[in-house]
Amino acid sequence: MVDLLELRKRIDEIDEQIVQLYEKRMDVSSQVADYKIETGKKVFDKTREEEKLRKVRALTHNEFNAHGVQELFEQIMSMSRKLQYKKLAEKGSLGKLPFIEVDRLDVENARIVFQGAEGAYSQMAMLRYFGEDVNCFHVDTFRDAMCAIEEGSADFAVLPIENSTAGIVNEIYDLLVEFENYIVGEQIIRIEHCLMGVPGTKIEDIKTVYSHPQSLMQSSRYLNEHADWKQVSMQNNAFAARKVSEEKDRSQAAIASEQAAKIYGLDILERGVNHSQTNSTRFIIVTNQKIFLKKADKVSICFEIPHESGSLYHMLSHFIYNNLNLTKIESRPLEERNWEYRFFIDFDGNLADSAVKNALRGLRDEARNMRILGNY
């Protein structure tokens, strides 16, 4: 029987040869990069790589090894591409990203739009980000806000994109893809929902509660204690407060912010009806200009990938190789393409960083429809 130590020694010898051959291969890849820099050829050649994988699979003697060799060479070719992207970046051959770096946002004469009505959390986020003395107006829907900045009637829009308990706002992700608008900032607002009614309303009077569906969900534990109340969804919390105020019906209540109660003259019947005391909503600041702040440290992108094994893994490897920290990944289904998805990713970095440029170049070549949504 062969001794285990002897087997391990043989493996070590083989591994040394593999490392030597790997370094030789990468040296040739470096020369390939030089050639591509001279000729302007693209780094990623899908047809060539698929042909190479077929050939190395055919060199093996069973299906298990064929699968393993394919996975091994996918990684080797991936590292080769990344080396080539790195050399292109060092030579300044990656090209400039179509975004302009600015020292600050021009907000002095800007017009800001937010979705909802007076007293909406979006308004609170706007005031926190831009200050109290701001030229603003509000619209009924998220789409209206996106249209306002696309057509130029507003310079910036304030939109909720994520809540710490309810998750992402799906519609905002879809609109970011549909419109040529870009994220330039963000503001996080702590959420405290209040139950409110017209003056004189008592808890026992209430039969119907109005609010945004996410706010109803965030307040579900409290509302479950009042199972006889009818819950009605509204486009916005402030709309709900305004409706209750206008109709002056003591059987109606709204769940909204304390600010909304003040604006619409409602009595707060219960504070903090949302069950999470750390509940916060992240709002994005969006414009139609391709700009980013010099001090920006978060990049948002989206892309589609082939519906095949390992696709997402290979896309994410660009972040690993360039030492970029992913902070978020979400997916949204693609219309009319069952079981295929668009991925949205946030990662730390600035569009002026070479590592960011390197990763984005690789993603642009290898993913489908990669878009930079903003740097902020």
Side-chain angles (χ1 to χ4, degrees), residues 26 29-30 33-34 36-37 40-44 75 77-105 161-162 168 172-173 176-177 179-188 282 284-305 311-332 341-376:
M26 293 303 283
S29 292
S30 179
D34 293 334
K36 290 181 177 178
I37 290 170
K41 287 180 68 69
K42 289 184 66 174
V43 170
F44 184 48
Q75 290 299 315
M77 290 188 291
S78 175
M79 295 306 295
S80 174
R81 289 197 304 273
K82 290 175 178 65
L83 173 64
Q84 293 177 49
Y85 289 132
K86 182 174 182 290
K87 292 203 71 171
L88 285 167
E90 290 170 350
K91 295 285 187 180
S93 301
L94 289 182
K96 293 184 178 179
L97 294 170
F99 283 78
I100 299 172
E101 181 182 276
V102 297
D103 291 321
R104 62 182 181 85
L105 299 179
I161 193 168
E162 178 186 14
I168 66 170
I172 299 300
Y173 279 87
L176 284 170
V177 175
F179 287 82
E180 290 287 333
N181 296 326
Y182 306 93
I183 307 170
V184 291
E186 68 177 357
Q187 181 66 56
I188 296 174
R282 182 166 70 98
I284 52 174
I285 316 301
V286 183
T287 185
N288 63 2
Q289 304 173 66
K290 284 189 172 182
I291 59 175
F292 67 99
L293 289 169
K294 184 180 290 186
K295 63 181 181 181
D297 58 7
K298 180 191 289 185
V299 181
S300 292
I301 64 171
C302 68
F303 55 78
E304 302 160 26
I305 56 175
S311 291
L312 181 59
Y313 171 79
H314 290 303
M315 297 305 112
L316 296 182
S317 68
H318 288 284
F319 300 101
I320 299 169
Y321 182 80
N322 287 287
N323 198 30
L324 297 172
N325 180 43
L326 262 69
T327 57
K328 188 173 186 61
I329 180 168
E330 297 284 350
S331 64
R332 295 283 296 138
Y341 299 86
R342 178 179 292 111
F343 290 88
F344 294 83
I345 286 179
D346 293 347
F347 63 95
D348 294 338
N350 185 284
L351 292 180
D353 298 341
S354 59
V356 171
K357 291 179 182 177
N358 197 12
L360 292 176
R361 175 60 182 263
L363 287 165
R364 182 178 287 120
D365 283 354
E366 297 174 32
R368 293 175 181 166
N369 303 321
M370 196 280 283
R371 276 190 56 193
I372 300 171
L373 301 176
N375 186 197
Y376 48 101

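Everything numeric in this text was worked out from a predicted model, so none of it was measured.
Going from atom CD1 of I329 over to atom CG of L312 covers 5.0 Å, rounded to the nearest 0.5 Å. Summarising the geometry, atom CE belonging to M315 is positioned 10.5 Å from atom CE belonging to M370; distances are rounded to the nearest 0.5 Å. One distance of note links CD1 of I305 with CG of L363; it measures 10.5 Å at 0.5 Å rounding. E304 CD to N369 CG: the interatomic distance, rounded to the nearest 0.5 Å, is 4.0 Å.
When ring centroids are compared, Y321 and Y85 stay outside the 6.0 Å threshold.
Residues R342 and Y173 are not in side-chain contact: their nearest non-hydrogen atoms beyond the backbone lie 4.5 Å or more apart. A 4.5 Å side-chain heavy-atom check between H314 and Q75 finds at least one atom pair inside the cut-off.
With sequence neighbours excluded, the residues satisfying side-chain contact (heavy atoms from CB on, under 4.5 Å) with K42 are D365.
Considering V102, L293, I291 in turn, I291 is the only one that fulfils the side-chain contact (heavy atoms from CB on, under 4.5 Å) rule with V184.
Nearest heavy atom pair, residue A359 against residue H318, reads CB-O, 3.9 Å. Between S317 and K82, the closest heavy-atom pair is OG-NZ, 2.9 Å. Closest approach of I301 to F319, counting heavy atoms only: CD1-CZ, 3.9 Å. Across V356 and G349, no two heavy atoms sit closer than the pair CG2-CA, 3.9 Å.
Side-chain atoms of N375 come within 3.5 Å of backbone atoms of L351 as a donor-acceptor pair (strictly under, hydrogens ignored). Of the possible polar contacts, none joining the S300 side chain to the G374 backbone as a donor-acceptor pair under 3.5 Å is found. Distance alone, capped at 3.5 Å, is enough to place a donor-acceptor pair between the N350 side chain and the K294 backbone. For the pair D353 (side chain) and A355 (backbone), a donor-acceptor distance under 3.5 Å is absent. Put simply, the side chain of R371 gets close to the backbone of V177: a donor and an acceptor are under 3.5 Å apart.
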Any chance you could lay out the salt bridge (charged side-chain N to carboxylate O under 4.0 Å, His left out) test for K328 and E330, step after step, and finish with the verdict?
CA-CA 7 Å; K328 188 173 186 61; E330 297 284 350; 2.9 Å; yes

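Relative to the ring axis of F99, K290 places its NZ or CZ within 45° and under 6.0 Å from the centre.
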